[in-house]
2 protein chains.
Amino acid sequence: MQKNPGQCQFVVAMDSIVGKWKPTILYHLLQGKPLRFNELRRLLPDITQRMLTLYLRELEEEEIVKRVVYPQIPPKVEYSITAYGMSLSPVLEMLHRWGVAHIERKRLKEAENERTETD
Amino acid sequence: MQKNPGQCQFVVAMDSIVGKWKPTILYHLLQGKPLRFNELRRLLPDITQRMLTLYLRELEEEEIVKRVVYPQIPPKVEYSITAYGMSLSPVLEMLHRWGVAHIERKRLKEAENERTETD
DNA sequence: TGGTATAGTATGAAAAAAGGTACCGTAAGG
DNA sequence: CCTTACGGTACCTTTTTTCATACTATACCA
């Protein structure tokens, strides 16, 4: 994809995190409890079945998420974070914290703008 | 965009970072030296003028990057990281480190696969 | 017999992101 | 007079991502 040598590690790291629903999927799995496919669907009410499947497959391929199929009918498939996937936890937490601060900053800015406009 | 309340801060943080060229642009600006439009273009040889403009405008709007126009002809416009933008530095560095480790892990894995295949 | 739940796949359409090319005005250098 | 450099904008096409809908198989329950 990106060809600039020496700094594309940003991009590599982000591919594991980026995607409309990936952060939310990871957020739930990082709680530690394995989740079944439809449990995840219920936690992400707006995701389509297709996208959930695609993202889980991607995460599985990167060994961030483990997929366990129980040979039952009706089928049971459990997704859980791998030990390796756990290494994303501090990264995501840092992003989360920066995001919270960023929102707060925006909020303050807007409040200030309104104040000076009504002066 | 994402509606799940309480955990969308990931997404907010990432919007400031995500985009095919944003990390690279930020990488260069985080070196500290202000860069002119065409200097950035030379540092990102494959980006189009259009995309560079769009990304810089986005970063400017979020106050991560400052744009200074010098009223000269031919025009001179300098882009630099803001104090606020600097707060992204540890976040990006962490992503970078994770990315490096991730690549290394992949490399080892592949090497191991080849070894066991030739056994 | 018909409905529900499970974990998906298939197919095509829509939306978003990125890319490509051409063009603008001005001025300095040859 | 022609070319280059500067920092863009306008317009259109291509690529990528996401969405919507329908469909699968099997077992259990009423």
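If you're wondering where the values come from, they're calculated on a predicted model, not measured in any experiment. In the text below, chain A, chain B and the rest are named by the order of the sequence lines, each starting its count at 1. Hydrogens, waters and symmetry mates play no part in the numbers below; they use all other heavy atoms, side chains included.
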Calculate the interatomic distance between [X] atom [atom1] and [N] atom [atom2]; express it in whole Å.
X	N	atom1	atom2	value
M51(B)	dT15(D)	CE	P	16 Å
W21(A)	dT18(D)	CH2	C1'	10 Å
Q49(A)	dT18(D)	CD	C1'	15 Å
E58(A)	dG8(C)	CD	P	15 Å
K76(B)	dA27(C)	NZ	C1'	16 Å
L54(A)	dG8(C)	CG	P	11 Å
E78(A)	dA7(C)	CD	P	9 Å
I25(A)	dT18(D)	CD1	P	10 Å

May I ask you to evaluate whether [X] reaches the phosphate of [N], defined as a side-chain N or O under 4.0 Å from OP1 or OP2?
X	N	answer
R42(B)	dC6(D)	yes
K20(B)	dG19(C)	yes
R36(B)	dG7(D)	yes
R57(A)	dT9(C)	yes
Y55(B)	dG8(D)	no

[X] side-chain proximity, nearest of [options]:
X	options	result
T48(B)	dC6(D), dG20(C), dA5(C)	dG20(C)
I73(A)	dG8(C), dA27(D), dC19(D)	dA27(D)
P75(A)	dG8(C), dG19(C), dT6(C)	dT6(C)
R50(B)	dG7(D), dG8(C), dA10(D)	dA10(D)

Could you tell me if the ring centre of H102(A) sits under 6.0 Å from that of Y84(B)?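 Judged by ring-centre distance (under 6.0 Å), H102(A) and Y84(B) do meet the cut-off.
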Do V12(B) and V100(A) land in one hydrophobic cluster if side-chain heavy atoms of ILVMFWY residues count as linked below 4.5 Å?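 No, V12(B) does not connect to V100(A) through the hydrophobic network.
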Quick one: do Y27(B) and M86(B) end up in the same hydrophobic cluster if we chain Ile, Leu, Val, Met, Phe, Trp and Tyr together by side-chain heavy atoms under 4.5 Å apart?
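Yes, Y27(B) and M86(B) fall within the same hydrophobic cluster.
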Requested in this report: Report which part of the nucleic acid Y79(B) touches: base, sugar-phosphate, or nothing (heavy-atom distance under 4.0 Å, all strands).
Outcome: sugar-phosphate
**OP:** Under 4.0 Å between any heavy atoms, over every strand shown, what does R41(B) touch: base, sugar-phosphate, or nothing? Just pick one.
**Re:**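 Nothing, no nucleic acid heavy atom in range.
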Kindly indicate, with the supporting measurements, whether the criterion side chain to side chain donor-acceptor pair (under 3.5 Å) is fulfilled by E63(B) and T82(B). CA-CA 7 Å; E63(B) 298 181 77; T82(B) 63; over 6 Å; no
So, applying side chain to side chain donor-acceptor pair (under 3.5 Å) with Y70(A), which one of E78(A), K76(A), R36(A) is it?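 Testing Y70(A) for a side chain to side chain donor-acceptor pair (under 3.5 Å) against E78(A), K76(A), R36(A) leaves exactly one candidate, E78(A).
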The answer to which of I47(A) and P74(A) contacts DNA chain D further toward the 5' end, by nearest nucleotide, is I47(A)
